[in-house]
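Throughout, protein chains are lettered first and strands after them, A, B, ... in sequence-line order, and every chain is numbered starting at 1.
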Number of protein chains: 2
Amino acid sequence: MELTTAEENYLKAIYHLSDGGKKSVSTNDIAAEIKTKPASVSDMLRKLGDKEVIEYRKYYGVNITEEGKKRALGTIRKHRLWEVFLVEKLQFAWDEVHEVAEELEHIQSPLLIQRLDAYLNYPKFDPHGDPIPDEFGDVKARPRVALNEMELEQTGQIVAVKDSSAAFLRYLDKVGAYIGARIKVLDKVEFDGSLEILVDQKKTLFMSKDVAANILVQQS
Amino acid sequence: MELTTAEENYLKAIYHLSDGGKKSVSTNDIAAEIKTKPASVSDMLRKLGDKEVIEYRKYYGVNITEEGKKRALGTIRKHRLWEVFLVEKLQFAWDEVHEVAEELEHIQSPLLIQRLDAYLNYPKFDPHGDPIPDEFGDVKARPRVALNEMELEQTGQIVAVKDSSAAFLRYLDKVGAYIGARIKVLDKVEFDGSLEILVDQKKTLFMSKDVAANILVQQS
DNA sequence: ATATATTTTTAGCCTATCCTAAAATCGAAA
DNA sequence: TTTCGATTTTAGGATAGGCTAAAAATATAT
Ligand SMILES: [Mn+2]
Ligand SMILES: [Mn+2]
Ligand SMILES: [Mn+2]
Ligand SMILES: [Mn+2]
């Protein structure tokens, strides 16, 4: 059964909020994520339940079904492939791609996505470091940890960001914290959790705990 | 004022049916073009009239306004640029691009189109030979004539097709009548208007008047 | 174990877009 | 100039998606 654009957006939100189908998700959380009202969410949940992409028990939140997970991963795959296209081919900055990809992900054409994937040389990660599901919905997970949870002296490489907002990404650009950068934790302030890190063995950088919590590192 | 996807599709249809704003267009013709019912068209015309992209006088058809023409050309520009992208970069056949471009043309991002245009090296024509309006809505018109209206012995080059349906384009592929082909009219049958043409100085080809009427030639 | 607070759903309404059937209008022919 | 057939509009209804306000259910705190 075909999903509408709105249904795809809801399903994707549910997938993300449920941490890939592991947790159940509340009406209010979905409303916050989609920026809509809980009443509208209740309506939509009934519809998604009827289409059997979620399991919906009134008042007790929703769980995504296997079918739903497959659909959500299909949309996520398209979103991330388009983001790669925009950055690699059209010279978009990584903070400019999200809104456009949010529209492009709903274009219906399996051939288009297959060809786009090939054209981009089968990328495994999007510009924010998030993994691109393959055509079967399989995701290559990279073990990664939030920067604020690393210990003193530990080293690693920035592999992704949790927050893809333009404001956050532009801040990272400004301070030179890009994906692929090698980092080392030089200092952690007990009081507020802020930290000092060494970037690429040459530049030191201070950041708040909030910022660090949105930077994901592969340890080494 | 923003136009919805449906409104953009109607406006584009009106632009095409009006021959670029020259003629006024009837409700029934729009319904046929959009594959919808005349009643739905009447509804939409009222709305497009309110938004002043058309001039609508009940029972007397519509004329597109200057503003409407500008909007329609913007959508046409996007449609044709995407078609070029699909053929040039993603190896789509020219009969596979129309449906996808019909969706892609509604993506809202001036930056995207500007970058796409540059990436494609500012193409002037789409895969069907139709001119791509520039960012100001200016169209480079090529003088062209339908093949069925050419006289015996006249020569020229195929520059466009009138019908972009997959069936027609695949037929042209099969017989080797592609855009850019040099042709000469070898014979015209009085009885049914069918003709025999020479393609690229080496292959002769018979075609019905209906086929020839959908092939556009730049004479030389 | 209640009472209160929070969450979620329902009811009722709105806009956009489509449909069918009926009414209105137009224009061509008699 | 009247009439008739084609065209177009209107009326009424459907579905999708959103909203507010009120009701209902659940969760939490005395
Ligand atoms: Mn989206
Ligand atoms: Mn991303
Ligand atoms: Mn379209
Ligand atoms: Mn075209």
> Do K70(A) and E66(A) meet the salt-bridge criterion of a basic N to acidic O distance under 4.0 Å?
Replying inline: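 Judged by the 4.0 Å cut-off on N to carboxylate O distance, E66(A) and K70(A) do not form a salt bridge.
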
>> Any salt bridge linking D117(B) with R77(B)? Criterion: basic side-chain nitrogen under 4.0 Å from a carboxylate oxygen.
In response: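 Yes, charged N to carboxylate O under 4.0 Å.
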
> At under 4.0 Å, does any side-chain N or O of T27(B) touch on OP1 or OP2 of dT9(D)?
Replying inline: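 Yes, within the criterion.
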
Rounded to whole angstrom units, what separation is found between the [atom1] atom of [X] and the [atom2] atom of [N]?
| X | N | atom1 | atom2 | answer |
| --- | --- | --- | --- | --- |
| Y59(A) | dT6(C) | OH | C1' | 12 Å |
| N28(B) | dG27(C) | CG | C1' | 15 Å |
| H106(B) | dA16(C) | NE2 | C1' | 15 Å |
| I30(B) | dT17(C) | CD1 | P | 15 Å |
| L45(A) | dT8(C) | CG | P | 10 Å |
| R46(A) | dA11(C) | CZ | C1' | 13 Å |
| Y56(A) | dA25(D) | OH | P | 13 Å |
| Y60(B) | dA6(D) | OH | C1' | 14 Å |

Nucleotide N/O of nucleotides 16-20 of chain D paired with protein N/O under 3.5 Å:
residue : atom : partner : partner atom : Å
dG17(D) : OP1  : T4(A)   : OG1          : 2.4
dG17(D) : OP2  : K47(A)  : NZ           : 3.1
dG18(D) : OP2  : Y10(A)  : OH           : 3.4
dC19(D) : OP2  : T36(A)  : OG1          : 2.7
dC19(D) : OP2  : K37(A)  : N            : 3.1
dC19(D) : OP2  : S40(A)  : OG           : 2.8

> Step by step, would you call K12(A) with E105(A) a salt bridge (charged side-chain N to carboxylate O under 4.0 Å, His left out)?
Replying inline: CA-CA 11 Å; K12(A) 197 156 61 89; E105(A) 70 188 358; 3.2 Å; yes

>> Quick one about H16(B) and E33(B) (side-chain donor to acceptor, distance below 3.5 Å, no hydrogens or angles considered), yes or no?
In response: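 No.
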
> Is it true that the NZ or CZ of R80(B) lies under 6.0 Å from the centre of F125(B)'s six-membered ring and within 45 degrees of the ring axis?
Replying inline: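 The answer is no; the distance or angle limit is not met.
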
> Please, which pairs that meet ring-ring contact (aromatic ring centres under 6.0 Å, His included) have at least one residue in residues 42-83 of chain A, sequence neighbours excluded?
Replying inline: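 The answer is H79(A)-H98(A), W82(A)-F85(A).
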
